[in-house]
Amino acid sequence: MAGTAGLRRWIGCAFVVALAFSSAMAGAQTANPAEAPIRLKVVGGLADVSQYLRYEEPFWRRRLPEASGGRIQAEIAPFDRSGIRAQEMLALMRLGVVPFGTALLAIVSTEEPEFNAVDLPTVNPDMAALRRTVALYRPHLEELLAERYDVELLAIYTYPAQVLFCRTGFSGLSDLAGRRIRTSSVGQSEMFAALGATPVVIPFGETLAALRSGVVECAVTGTLSANAIGLHEVTTHMHSMAITWGLSVFGANRAAWNALPDWARTLIREEVAGLEREIWNAAEIETGEGIACNAGQPSCSSGRRGNVTIVPVSEADQARRLRLLTETVLPGWVRRCGEACVAAWNTRLAPSLGVMAQPD
């Protein structure tokens, strides 16, 4: 009950902010921009990781104000320090409580599994595959957000590759049976259950403590974000296969978006597109950087050097990945998602991936 009351208080306060935001936007249509700068409230991604610290926060606090000549001012806070449950982000955006927000697809897919087709486990083994898959599915995501949540899609972000870390040695996917593994989504949990492991869904911020205490023996998370929170200090082995990537959508409540002057919408869309490109390029670089730093390789330049053994992706692992996709991951997603999702997958992704979804 205390948590519910806290959320209600937060929604009440945020609703006042949203109303003030809307009033400010209405005034900005006619006021002199130099006298009445537009002030945006933004909820960003995960705190304490590279994407937020190096890209999102500097963009909203410095780059956008500079690009607008001071006509746009913005405040940003990471969602996991904003009193918001990640599962509720899209609903709060639809209400206008969060005018500009970031939603992690793997988490909101608990309620909307169709959103996460693009980042199901084992679908995108490398960055090239991920870029292709997202490009194919992006128009559908844009439609879903507009129709179901009245949200204008402005960007899709990705974290570095999500890989497996373990406290004790393993040589491949076949060695994971019987281990307790931290996961962050239903799809990941189904995948590891099919391998004979025990999945345990744990928030990112609690991953290190769960490994240290023995609640789990392994964890799936980003290569560089794992290094940032110290997983290289408590694990000994890391698999180099990308299981998922951790995609998020950034968008705006359409009423708040349409209340902005035309020049502001054009500028924000152009600048956010540049931010999106930077985040994707950084995710590709940081995937390799995370591997190098966790393993203590000389090429590590931005993280802390560990002594983790890198487990290479074997031919057996590649074959198992495809079996997991066709026999476990995709059928499980279809059961959660329904016939409309089968049509979306087969129309937009199957021609590229070569894997058809079958009705349940």
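These numbers were taken from a predicted model, which means no experiment stands behind them.
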Not counting sequence neighbours, which residues clear ring pair (Phe, Tyr, Trp, His ring centres under 6.0 Å) with [X]? List them please.
| X | value |
| --- | --- |
| Trp245 | none |
| His237 | none |
| Phe115 | none |
| Tyr157 | none |

Sort and list the pairs that fulfil disulfide (SG to SG under 2.5 Å) and have at least one residue in residues 331-360, not counting sequence neighbours. Cys337-Cys341
If the condition is side-chain hydrogen bond (donor to acceptor under 3.5 Å, both in side chains), which residues does [X] pass it with, not counting sequence neighbours?
| X | answer |
| --- | --- |
| Arg304 | none |
| Tyr55 | none |
| Thr207 | Arg182 |

Taking salt bridge (charged side-chain N to carboxylate O under 4.0 Å, His left out) as the definition, give me every residue that meets it alongside Glu339, ordered by chain and number, with sequence neighbours left out. none
Results of side chain to side chain contact (heavy atoms under 4.5 Å, CB included) for Ala91 - residues two or more places apart only: Arg94
Determine which pairs satisfy salt bridge (charged side-chain N to carboxylate O under 4.0 Å, His left out) with at least one residue from residues 321-337, sequence neighbours left out, and list them in order. Glu190-Arg336
Run the salt-bridge test on Asp262 and Arg265 with the 4.0 Å N-O cut-off and return the result as yes or no. yes
Rounded to the nearest 0.5 Å, how far apart are CG of Leu224 and CG of Leu231? 12.0 Å
Using 30° and 60° as the class boundaries, would you call the ring planes of Phe250 and Trp60 parallel, tilted or perpendicular? tilted
Under a 3.5 Å distance rule, please check whether Thr236 uses its side chain to pair with a backbone N or O of Arg167 as donor and acceptor. yes
Determine yes or no for a side-chain-to-main-chain donor-acceptor pair under 3.5 angstrom, with Thr223 supplying the side chain and Thr287 the backbone. yes
Would you list the pairs meeting side chain to side chain donor-acceptor pair (under 3.5 Å) in which at least one residue belongs to residues 120-136, sequence neighbours left out? Asn124-Thr133, Arg131-Asn281, Arg132-Ser352
